[in-house]
Amino acid sequence: MYLVIALILITIIVTAGVSNKLNIPLVVIALFAGMLFGSDGLKLFPFDNAPQAQKIADFALVFVLFIGGFVTRKDRLKIVFAPAMIMATFGVILTAVVTAAFLNLILKFELQTSILIGCIIASTDAAAVFSILRTRSLDKNLSALVEIESATNDPMAIVLTTIAVSLAATSAASSANLAIEQPLNIVLLLAWKIVGGAGLGLLIGWGAYRLSKCVVELDKGYFYIYIVAIILFSYGLAELTKSSGILSAFFAGFVLGNSNIPFKSNSSTFLEALSTMGNVVIFVLLGLLVSPSEFRGVFVDGILLFIVLTFIARPIVVAVFMSFFKYSLKKNIFLSWSGLRGAVPMVLATYPAAAGIENANYIFNIVFFAVLLSMLIQGSTITTLADKFKLADKAKPRPKQLMELVALHNAESELLEITIDEDEYGGSAVVSSLKLPEETTITMINRNDKIIAPTANTEILTGDILYVLTKTVNVEAVTKTITERFIPKVAEAQVASK
């Protein structure tokens with residue numbers, strides 16, 4: 001078994017270069033690797049235990065969604081809070097309703113099956129969106145909206161699917177007796193899962209931030225263990241109280257990601273690795289679970305589901321909710337096309353089988369096939385669309401050297417990373433000419449991945465990345481003071497035109 005797992009992982013890594021060139025997410029390669037080694041492929045790792053797959057995938061999802069919260073910046077959330085939250089909640093509900101309605105009324109699917117599929121496939125996928133758009137730098141508002149929506153809409157889909165599966169698993173007699181009580185129970189359950197999960201997550205995140213000051217003197221390896229413990233605690237406590245463990249994990253990550261915790265930069269790298277591992281585990285597992293030979297029975301239905309979701313449900317949702325905000329037609333089209341489906345719908349597709357619902361295997365296969373089409377078709381064309389609409393530029397490479405501020409006591413200090421973007425600024429500035437606040441030091445300059453220890457006579461150039469140590473209260477002032485020493489490209493162009 002260990003040898004087979006190693007072969008699967010090596011296959012994924014070896015083919016990752018090809019997937020990058022074709023703009024196909026790494027998770028798709030992981031999916032195909034699972035299918036290759038599974039019961040319908042080389043038969044080296046036969047696996048058909050849906051309940052076990054659900055448990056393992058749910059465990060991995062907790063880490064993925066915690067990290068989704070951790071990387072969601074508070075300042076970016078403020079910019080697009082209203083549209084992102086509406087799309088992540090009411091947008092998911094409307095997607096489920098429209099999809100289920102078309103499947104039932106137009107395509108003549110059974111009502112129960114239509115509702116289950118609609119709920120299961122209603123959310124977009126953060127991992128797929130992030131991995132595809134990493135080679136482009138989108139308009140900041142649009143980028144924030146796409147990323148935050150995809151990072152925050154999974155919990156709503158999970159809650160809706162959990163309720164739909166519970167109702168579908170109820171016997172006919174019980175359904176008749178609870179016909180009157182169920183609507184109220186559903187509303188109350190949904191409200192508690194959302195409010196309780198989010199509230200617990202915020203509270204646990206705040207408590208974890210306060211407690212982190214007690215473990216700062218330990219080696220950073222222990223701090224990684226501490227982070228993992230917080231992830232599990234946020235999920236476990238919420239599940240114990242019957243609220244949403246996924247939401248709790250997300251908001252706990254959000255609080256910690258926006259707090260000045262020890263080893264924050266190293267923790268981000270660690271969590272990014274966990275996220276990648278979690279997504280690979282989920283998709284390999286789902287690839288092992290699926291039987292491609294059964295696609296013949298869902299081939300047409302899977303294509304129809306993809307068409308309904310991509311060309312009807314998603315555009316309707318974007319048109320309805322984004323009409324309240326000032327986004328251009330091009331941005332709305334891009335937002336509609338960027339609604340990739342991924343890990344969460346595939347994991348949720350295992351819920352009916354785990355609950356013993358009739359047609360569960362059919363539901364899993366049709367969702368699997370539609371998600372696969374979404375990642376292949378939308379995933380390979382989304383950057384092309386961004387380029388065509390002139391909504392993106394080629395992303396700048398991340399620096400290979402990073403600095404980390406580790407304070408053994410609460411020094412109320414921040415280590416800022418300020419990039420003098422050569423696409424936005426011109427000119428240069430000498431360090432001694434900067435009128436920085438007291439107790440502020442430029443500790444390092446990263447220039448083309450070369451480290452410079454600055455002195456008073458060091459000239460700062462466009463393209464440099466500055467690491468500045470300052471008091472927390474001076475963060476905005478320091479950033480403004482440094483950037484104001486450079487000429488904005490717009491002003492430079494106006495001078496040149498005269």
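Keep in mind it's a predicted model, so treat the numbers as computed, not measured.
In this structure a side-chain-to-backbone donor-acceptor pair under 3.5 Å is missing from Ser374 to Ala370. Remark: the backbone N or O of Ala100 is not paired with any side-chain donor or acceptor of Asn104 at under 3.5 angstrom. In this structure, the side chain of Thr161 engages the main chain of Cys119 through a donor-acceptor pair within 3.5 Å. When atom types are taken as modelled, the side chain of Ser336 and the backbone of Asn332 share no donor-acceptor pair closer than 3.5 angstrom. Put simply, the side chain of Thr310 never gets that close to the backbone of Ile307: no donor and acceptor are under 3.5 Å apart. Side chain of Asn474 to backbone of Thr470: no donor-acceptor contact under 3.5 angstrom is found. Of the possible polar contacts, none joining the Ser234 side chain to the Ala252 backbone as a donor-acceptor pair under 3.5 Å is found. Thr350 places no side-chain N or O within donor-acceptor distance of the main-chain N or O of Met346, the cut-off being under 3.5 Å. The main-chain N or O of Tyr467 is never found under 3.5 Å from a side-chain atom of Glu417 such that the two would form a donor-acceptor pair. Looking at Arg447, its side chain never comes within 3.5 Å of a backbone N or O of Thr462 through a donor-acceptor pair.
In this structure, CD1 on Ile227 lies 10.0 Å from CD1 on Ile67, to the nearest 0.5 angstrom. Between atom OG1 of residue Thr95 and atom CE of residue Met87 there is a gap of 6.5 Å, rounded to the nearest 0.5 Å. Atom CD1 of Ile282 is separated from atom CD1 of Ile56 by 11.0 Å, given to the nearest 0.5 angstrom. Atom CD in Glu239 sits 11.0 Å away from atom CG in Leu200 (nearest 0.5 Å). Residue Leu65 holds its CG atom at 10.5 Å from CD1 of Ile231, rounded to the nearest 0.5 Å. Here Leu436 contributes atom CG and Leu469 contributes atom CG; the two are 11.5 Å apart, rounded to the nearest 0.5 Å.
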Evaluation steps, side chain to side chain contact (heavy atoms under 4.5 Å, CB included), between Asn359 and Glu110: CA-CA 10 Å; Asn359 292 331; Glu110 292 183 1; 4.0 Å; yes
Side chain to side chain contact (heavy atoms under 4.5 Å, CB included) evaluation trace for Ile117 with Ile363: CA-CA 7 Å; Ile117 293 174; Ile363 292 172; 4.1 Å; yes
Test side chain to side chain contact (heavy atoms under 4.5 Å, CB included) applied to Trp206 and Leu202, step by step: CA-CA 6 Å; Trp206 177 82; Leu202 292 171; over 6 Å; no
CA sep, side-chain torsions, deciding dist, call: Leu145, Lys331, side chain to side chain contact (heavy atoms under 4.5 Å, CB included): CA-CA 11 Å; Leu145 177 56; Lys331 289 184 177 181; over 6 Å; no
CA sep, side-chain torsions, deciding dist, call: Arg314, Glu149, salt bridge (Lys or Arg N to Asp or Glu O under 4.0 Å): CA-CA 13 Å; Arg314 177 71 177 182; Glu149 182 211 354; 2.8 Å; yes
Trp337 vs Thr381, side chain to side chain donor-acceptor pair (under 3.5 Å): CA-CA, chis, key distance, verdict: CA-CA 9 Å; Trp337 193 248; Thr381 58; 2.9 Å; yes
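Between Ser248 and Ser243, every side-chain heavy-atom pair lies at or beyond the 4.5 Å cut-off. The side-chain heavy atoms of Tyr362 and Thr113, taken from C-beta on, include a pair separated by under 4.5 Å. Inter-residue side-chain proximity for Thr443 and Val468 is flagged as unmet; no heavy-atom pair is nearer than 4.5 Å. Side-chain contact between Val146 and Phe334 is present, with at least one heavy-atom pair separated by less than 4.5 Å. Side-chain contact between Ile465 and Ile418: absent, with no pair of heavy atoms (C-beta onward) separated by less than 4.5 Å. Phe70 is not listed as a side-chain neighbour of Glu272, based on a closest heavy-atom distance of 4.5 Å or more. The shortest distance between side-chain heavy atoms of Asp387 and Thr384 does not fall below 4.5 Å. Taking 4.5 Å as the limit, some side-chain heavy atom of Asp449 sits within range of a side-chain heavy atom of Asn446.
For the residue pair Phe486 and Ser428, the shortest heavy atom distance occurs at CE2-CA, 3.5 Å. Considering all non-hydrogen atoms of both residues, Ala249 and Phe66 come closest at O-CD1, 3.1 Å. Across all their heavy atoms, Asn153 and Thr124 have their closest contact at ND2-OG1, 2.7 Å. Scanning both residues, Leu247 and Ala198, for their nearest heavy atoms gives CB-N, 4.2 Å. Residues Ile121 and Arg341 approach most closely at O-NH1, 3.0 Å, considering heavy atoms. Here the closest non-hydrogen pair linking Leu256 and Tyr209 is CD2-N, 3.7 Å.
For Phe63 and Phe59, the ring centers are positioned less than 6.0 Å apart. In this structure, the ring of Phe369 has its center less than 6.0 angstrom from the ring center of Phe299. Between Tyr224 and Phe270, the ring center distance clears the sub-6.0 Å criterion.
Relative orientation of the Phe364 and Phe368 rings is tilted, given thresholds of 30° and 60° on the angle between their planes.
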